2 protein chains.
Amino acid sequence: MAVTLKEVAERAGVSRSAVSRTFTDGASVSDKMRRKVEKAAKELGYSPNALASSLTTGRTKLIGLVSNNFHNPIFLEVFDLFTRGLQDRGLRPLLVNLTDETDPENSVRMLRQYSVDGVVVASSTLPPEFAKAFRDAGVPVVHSFGRASSAPQVHVVGIDNVECGRMAARELVRRGYTHVGFMGGPEGASSTQDRYSGFMAEMSAHPDIKASHSFADAYSFDAGRREMLRLLKNGPAQAYFCGDDVLSIGALSAIDDSGLSCPDNIGIIGLNDMEMAQWENIDLTTIHQPIRQIVTSSIELMVAMLDDPERYPETRIFPCSIVERGTLKPGI
Amino acid sequence: MAVTLKEVAERAGVSRSAVSRTFTDGASVSDKMRRKVEKAAKELGYSPNALASSLTTGRTKLIGLVSNNFHNPIFLEVFDLFTRGLQDRGLRPLLVNLTDETDPENSVRMLRQYSVDGVVVASSTLPPEFAKAFRDAGVPVVHSFGRASSAPQVHVVGIDNVECGRMAARELVRRGYTHVGFMGGPEGASSTQDRYSGFMAEMSAHPDIKASHSFADAYSFDAGRREMLRLLKNGPAQAYFCGDDVLSIGALSAIDDSGLSCPDNIGIIGLNDMEMAQWENIDLTTIHQPIRQIVTSSIELMVAMLDDPERYPETRIFPCSIVERGTLKPGI
DNA sequence: GGCAATTTTGCAACCGGTTGCAAAAAGCGC
DNA sequence: GCGCTTTTTGCAACCGGTTGCAAAATTGCC
């Protein structure tokens with residue numbers, strides 16, 4: 001079917017190595033030879049088989065992009081940034097969807113069969129073991145949106161979720177609320193735990209302010225809505241830090257439906273600053289997560305690791321910042 | 001680094017072919033041999049190199065997944081369904097982001113270099129030429145969410161956008177509106193054109209009802225909002241068929257901000273039925289696009305084509321239906 | 001033009017598998 | 001145990017490239 005190097009060589013009347021060299025940069029070929037080969041290649045419509053060459057070079061330029069967040073719109077942006085960023089560097093993303101997969105083994109085996117040069121795990125809910133499984137298999141790995149660790153075993157790029165929790169708490173205090181709530185995502189996710197502990201740590205410095213907490217069972221609109229409806233029934237706090245923007249929007253919907261208004265009756269601060277948060281009919285005050293920087297940095301780290309697979313694991317944390325919109329009362 | 005077939009063969013004290021055969025199903029190996037090989041393989045942690053074997057078998061099980069819709073949340077669902085569906089059949093999606101790419105040539109070349117077995121073009125805005133470029137290169141291709149054609153040159157799976165336009169028009173008529181509007185997405189997209197022509201065709205049967213039209217410059221919240229604000233200033237229609245749900249939600253926001261209300265002052269019907277459309281604070285009446293069926297069918301078609309690349313091109317159109325929610329007045 | 005240093009080229013082995021073919025082994029009936 | 005058929009196995013060539021090495025060609029210098 002496809003044109004091979006051998007055919008080009010025959011047509012150009014040169015050796016196979018000569019053809020190979022004109023298509024590998026850094027190889028020594030005379031101008032005359034290059035012209036001859038390129039002419040023949042063009043006539044035949046030849047383009048080299050990346051997979052065959054990977055066999056000898058040991059490089060496929062394939063990068064496994066592993067994720068389980070196919071329901072949070074923010075991940076569409078993440079995929080957009082990753083795919084473009086990788087493409088720009090001549091790398092190809094091989095997408096792996098872990099939605100109904102709990103065991104890393106399978107994905108590890110599959111990605112090894114395809115000899116990926118590296119793996120990016122893009123998820124805030126997958127446990128660190130997942131990324132570690134790849135490292136143990138000898139594959140360079142970056143865990144994007146992963147949990148910061150003081151003793152990282154793999155490269156992690158993300159935000160400081162504990163600090164985000166503190167930041168949200170500080171903001172609610174600053175605004176003068178005297179009863180605040182933490183409404184987290186799934187309790188098992190490390191990101192939820194971190195945000196929770198940061199939030200509570202900060203609140204413990206304010207014993208005069210009442211702080212309560214609860215957890216929604218998913219990072220989804222419905223879960224946020226359900227949880228807020230439940231809270232409203234049982235005497236809610238004055239303002240909530242919601243585990244993420246989608247949850248926040250669900251909560252907003254519940255507040256609205258109950259005939260209450262935000263921020264007049266209940267305040268909400270989210271996390272992520274997804275595109276939708278700035279839509280005028282949502283206008284969510286939230287903590288901005290620098291997605292673009294996280295993705296860019298992850299890719300840079302991956303590229304660096306392709307050069308030096310033994311590179312010492314590092315953690316890159318990007319600061320978040322509050323975006324003031326309309327779902328918290330002005331404050332004092 | 002990785003364990004090779006040769007090492008397994010040596011350890012098991014058998015020939016390389018024997019090892020190869022125990023890992024290819026349908027090959028003849030005795031039970032004794034199989035056990036010996038599997039033992040050695042397990043001890044060494046061997047798993048076959050899919051790329052190397054693709055060299056001789058001519059099959060990589062890689063499928064190019066090409067898209068340019070990285071801003072419409074509905075595509076997150078599309079990616080989710082595609083990646084899982086492909087994975088379930090042992091195929092691997094190689095993601096290609098065409099956002100800033102206009103020329104098919106590049107993508108075609110790249111995907112050929114990686115010897116993909118087939119390509120799925122998932123986009124309602126890419127021109128048919130894009131898909132055709134792959135077909136011309138001898139790669140099986142399915143255009144999902146593509147335009148129905150009476151003389152298809154490639155396999156197309158999608159909806160009948162003309163009929164959707166008619167359907168929306170009929171619904172607005174049925175509801176008793178006497179001045180209706182078509183607010184399309186980007187004028188160049190074939191999906192927009194089809195929805196427009198269907199809408200207008202239906203309206204031409206109702207000369208008593210005024211029908212106007214305009215186009216937003218993107219399928220985005222902002223574009224929908226901007227366009228609706230403009231329309232509101234210049235004397236709007238009573239109800240609009242918006243090119244897509246995201247546009248609709250932008251329009252809703254504009255209506256809300258202008259102190260008007262939907263559906264009391266202005267009605268809206270969208271298209272797609274994205275997850276968000278059913279959120280209680282949006283509650284958008286819209287035309288449901290059967291995404292799941294489209295994706296499933298696309299994958300089936302792709303699998304069929306892997307068996308028979310010469311398969312005669314076919315068009316699969318799935319019917320859409322109206323989901324009644326709260327953004328149109330009840331009607332007569 | 002002659003010689004040494006440098007560049008370009010082709011040979012052949014190799015990357016990690018698969019597969020047609022023939023030899024070896026196993027199974028079968030007597 | 002023998003001859004015949006069927007199954008299993010290994011050899012060797014091949015898939016589409018790359019690359020170390022040595023031979024051939026070119027270049028530079030006197």
Side-chain angles (χ1 to χ4, degrees), chain A residues 1-41 44-62 109-117 138, chain B residues 1-41 44-62 109-117 138:
Chain A
M1 182 76 253
V3 185
T4 74
L5 173 139
K6 190 170 147 222
E7 302 173 53
V8 177
E10 279 164 7
R11 170 145 199 150
V14 301
S15 76
R16 291 161 55 221
S17 354
V19 180
S20 173
R21 287 190 180 106
T22 60
F23 284 95
T24 356
D25 32 33
S28 111
V29 220
S30 68
D31 285 0
K32 194 164 26 138
M33 163 93 2
R34 159 157 278 129
R35 271 193 300 276
K36 255 200 295 190
V37 171
E38 277 172 351
K39 178 156 168 289
L44 295 172
Y46 169 77
S47 78
N49 181 329
L51 267 26
S53 75
S54 82
L55 215 43
T56 38
T57 60
R59 292 248 169 154
T60 55
K61 301 201 164 193
L62 291 173
R109 192 151 32 75
M110 189 232 107
L111 285 171
R112 288 221 320 170
Q113 289 190 344
Y114 281 83
S115 329
V116 293
D117 287 348
Chain B
M1 181 74 253
V3 186
T4 75
L5 173 141
K6 191 170 146 224
E7 303 173 53
V8 178
E10 279 163 9
R11 170 149 201 147
V14 301
S15 76
R16 291 161 56 219
S17 352
V19 180
S20 172
R21 284 195 257 261
T22 59
F23 285 95
T24 6
D25 32 32
S28 111
V29 221
S30 69
D31 284 0
K32 192 162 29 135
M33 168 103 302
R34 158 156 278 127
R35 271 194 299 278
K36 253 199 297 189
V37 171
E38 276 172 352
K39 177 156 168 288
L44 295 172
Y46 169 77
S47 78
N49 181 328
L51 268 25
S53 76
S54 83
L55 257 192
T56 39
T57 61
R59 292 251 168 153
T60 55
K61 301 200 165 193
L62 291 173
R109 191 151 32 77
M110 190 230 105
L111 286 171
R112 289 222 317 169
Q113 289 190 344
Y114 280 84
S115 327
V116 293
D117 287 348

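Remember, predicted model here, so these are calculated numbers, not experimental data. To find a chain, count down the sequence lines: A is the first, B the second, and so on, and within it residues start at 1. The figures that follow rest on heavy atoms only: side chains count, while hydrogens, waters and symmetry mates do not.
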Tell me the interatomic distance from [X], atom [atom1], to [N], atom [atom2], rounded to whole angstroms.
X      : N      : atom1 : atom2 : value
A/R35  : C/dT9  : CZ    : P     : 11 Å
B/L44  : C/dG16 : CG    : C1'   : 15 Å
B/L5   : D/dC11 : CG    : C1'   : 14 Å
A/Y114 : C/dG16 : OH    : P     : 18 Å
B/K36  : D/dT8  : NZ    : P     : 14 Å
B/M33  : C/dA26 : CE    : P     : 12 Å
B/N49  : D/dG17 : CG    : P     : 16 Å
B/L55  : C/dG17 : CG    : C1'   : 8 Å

Seminar exercise, completed: Winner on side-chain proximity to A/T56, out of D/dT9, C/dC14, C/dG17, is C/dC14
Exercise. With respect to the side chain of A/S17, which nucleotide from C/dG16, D/dT19, C/dT9 is positioned closest?
Worked result: D/dT19
Base, sugar-phosphate, or nothing: which does [X] touch, judged by heavy atoms less than 4.0 Å apart?
X     : value
A/T4  : sugar-phosphate
A/S53 : sugar-phosphate
A/V19 : nothing
B/S20 : base

With a 3.5 Å cut-off and just heavy-atom distances, do the side chain of [X] and the base of [N] make a donor-acceptor pair?
X     : N      : value
B/T57 : D/dC15 : no
B/R21 : D/dG10 : yes
A/S15 : C/dC11 : no
B/R16 : C/dG16 : no

For this session: Select from A/S47 and B/G13 the residue whose nearest nucleotide in DNA chain D is closer to the 5' end of that strand.
Result: B/G13
Exercise. If you find the nucleotide of DNA chain D closest to A/K32 and the one closest to A/F23, which residue's nucleotide is nearer the 5' end?
Worked result: A/F23
Exercise. What is the distance from atom CG of A/L55 to atom OG1 of A/T60, rounded to the nearest 0.5 Å?
Worked result: 11.0 Å
For this session: Look at B/S30 and D/dT9 and indicate whether a side-chain polar atom (N or O) is within less than 4.0 Å of OP1 or OP2.
Result: yes
Exercise. A/A12 and A/K36: which non-hydrogen atoms are nearest, and at how many Å?
Worked result: O-CD, 3.9 Å
Has the side chain of [X] got a donor or acceptor atom that lies under 3.5 Å from a matching backbone atom of [Y]?
X     : Y     : value
A/E38 : A/R35 : no
A/T22 : A/V37 : no
B/E10 : B/E7  : no
A/S20 : A/R16 : no

